[in-house]
Amino acid sequence: MQKKHNYRLLIFVLLLADMCFMTVFGIRYLKKAIPDTIYIRQGQETGVSQMLDYPFVTYSKSIDVSKNGSYQIPCYFLDMFYLKDVQVETADEKWVSVCGMPAGLYMETEGVLVVDTGEITGKDGVQAEPAEHIAKSGDYILEVNGTPVFGKKDLIKNIEASHGETVELLVNRNGEQIPLSISPVLDQNDEYKLGLWVRDNTQGIGTMTYIDENGKFGALGHGISDTDTGELLDISEGELYEAEIVSIKKGAKGMPGELSGYIEYEQEKKIGTIEKNTELGIFGEVFDVERLPHKKVMVGYQQEVKEGKAKLLTNLNKEVKTYDIEITEIYRNKSKTNKAFEIQVTDPKLLEETGGIVQGMSGSPILQDGKLIGAVTHVFVQDSSKGYGIFIENML
């Protein structure tokens, strides 16, 4: 009898622990999923309830509104546990110029990026790895012996000047500045080396999404990461150039396609500057909006986005064209990410030319009901006709 009682007690305790875990997990999930800010147009307050339509989330239907139309909504879990305040802002109609044109990107890193460490064959024929367990992939070298370095040439020059003496590096590691001491090794070419693989710039092609009324642009819908480390590049400055698509590698199951382009890194071909590289895209300023293909459209906020037909703008053959797509699923719990909704290419012409979405099309504007609502960000590896998009309000 006692064993039966203990067994029941154990089951009760486990169920109680499971309920507590699920409650804590649910609260954490909802805190992340519920937006911090909701933008609505005058007279479209119904969009608020749509954005807060989560299981077990409750909130007051009566809120004090300020003079400018903004207010806060306290949200709770089952009317008991406070989750967060959601800021609701009444926004005027916002217009931007959509692009869809390819652009050449050139960016220099903030310091010199450490890609990896490696072995050096010394003058005496002995293998050495002086930076092993000291420098890490993803470090940015900012200084050598107190002297700032802006590129690989600066780094090499300062290491040579050490004449084999231990050098003091100042690196940026995950936002924290850390001093490192490494002793150079004289290699078989009579050059002092630290055993570091480094990079100080990157280049490529992406698609411009929009230009606002101040000449500020947004592109890609995702950040540019280093191909070796996978880390988002910390850039100091960058430039935007005219680019021309010269070939298309069609996407297939398991093999994403690609747009190959030609970029002339010449002064007269420069069209703007890159100021930021973030997880939600690259941003900067263009010199002359009228020089670029553009069309003014209204911005659509995320609560206006719905499943169904939409349009994609992209440039494949020297001209920005519009193609049919469908928004097949919207992930409200991922609204802050660059995978907020799912799209499928339905346009026969685009499927014929590219197989759907290919690398280089990231940033292609997505319009629904004539409004700019987002941009293409990723392609499904197993089905190139499908991909993800980002809500345009996150890029803006």
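Closest heavy-atom contact between M395 and T209: CE-OG1, 3.7 Å. Residues K276 and I235 share a closest heavy-atom pair of C-CD1, 4.2 Å. Considering all non-hydrogen atoms of both residues, I120 and G195 come closest at CD1-N, 3.2 Å. Across P130 and K193, no two heavy atoms sit closer than the pair CG-O, 4.2 Å.
Side chain of N189 to main chain of E191: no donor-acceptor pair is present (N/O by atom type, distance under 3.5 Å, no hydrogens or angles). A distance-only check finds no donor-acceptor pair linking the side chain of Q344 to the backbone of S385 [under 3.5 Å]. Side-chain atoms of T354 never come within 3.5 Å of backbone atoms of K250 as a donor-acceptor pair (strictly under, hydrogens ignored). With hydrogens and angles disregarded, a donor-acceptor distance shorter than 3.5 Å links the side chain of S236 to the backbone of E108. Under a 3.5 Å cut-off, the side chain of T314 and the backbone N or O of S364 do not form any donor-acceptor pair.
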The test is side-chain contact (heavy atoms from CB on, under 4.5 Å); show your working for Y265 and I263 and say whether it passes. CA-CA 6 Å; Y265 292 107; I263 309 166; 3.5 Å; yes
Applying side-chain contact (heavy atoms from CB on, under 4.5 Å) to L105 and L240, what does each step give before you reach the verdict? CA-CA 5 Å; L105 315 172; L240 205 65; 3.3 Å; yes
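Surrounding NZ of K249 are at most 12 heavy atoms belonging to other residues, nucleotides or ligands under 6.0 Å away. Y39 OH: 12 or fewer foreign heavy atoms inside a 6.0 Å radius. More than 12 heavy atoms of other residues, nucleotides or ligands lie within 6.0 Å of NZ in K84, so this atom counts as buried by the packing criterion.
Ion pairing between a basic and an acidic side chain is recognised when a charged N comes within 4.0 Å of a carboxylate O; E285 and K216 show such pairing. Using a cutoff of 4.0 Å between basic side-chain nitrogens and carboxylate oxygens, D324 and K311 are scored as salt-bridged. A salt bridge is defined here as a Lys NZ or Arg NE, NH1 or NH2 lying under 4.0 Å from an Asp or Glu carboxylate O, and K94 with D212 fails to meet this definition. One finds no salt bridge joining K153 and D200 here, because no Lys/Arg side-chain nitrogen approaches an Asp/Glu carboxylate oxygen to under 4.0 Å.
Judged purely by distance below 3.5 Å, without hydrogens or angles, the side chains of N145 and T147 never pair a donor atom with an acceptor atom. Remark: the Y331 side chain and the E342 side chain contain an N/O donor-acceptor pair separated by less than 3.5 Å.
To the nearest 0.5 Å, atoms OG1 (T117) and CD1 (I182) are separated by 9.0 Å. Note that CD1 of I282 and CD1 of I274 are 4.5 Å apart. Values are rounded to the nearest 0.5 Å. Taken from OG1 in T337 to CG in N394, the straight-line distance is 8.0 Å, to the nearest 0.5 Å. Distance check: L372 CG to L396 CG gives 7.0 Å after rounding to the nearest 0.5 Å. Expressed to the nearest 0.5 Å, how far CD of Q72 lies from OG1 of T37 amounts to 9.0 Å. Here the OH-CZ distance, from Y29 to F77, works out to 12.0 Å after rounding to the nearest 0.5 Å.
Ring orientation note: the planes of H163 and Y192 are nearly perpendicular, at an angle over 60° on the 30°/60° scale.
Ring pair Y388/F380: centre-to-centre distance below 6.0 Å.
At a threshold of 4.5 Å between side-chain heavy atoms, the hydrophobic network of Ile, Leu, Val, Met, Phe, Trp and Tyr places I211 and I373 in two separate groups.
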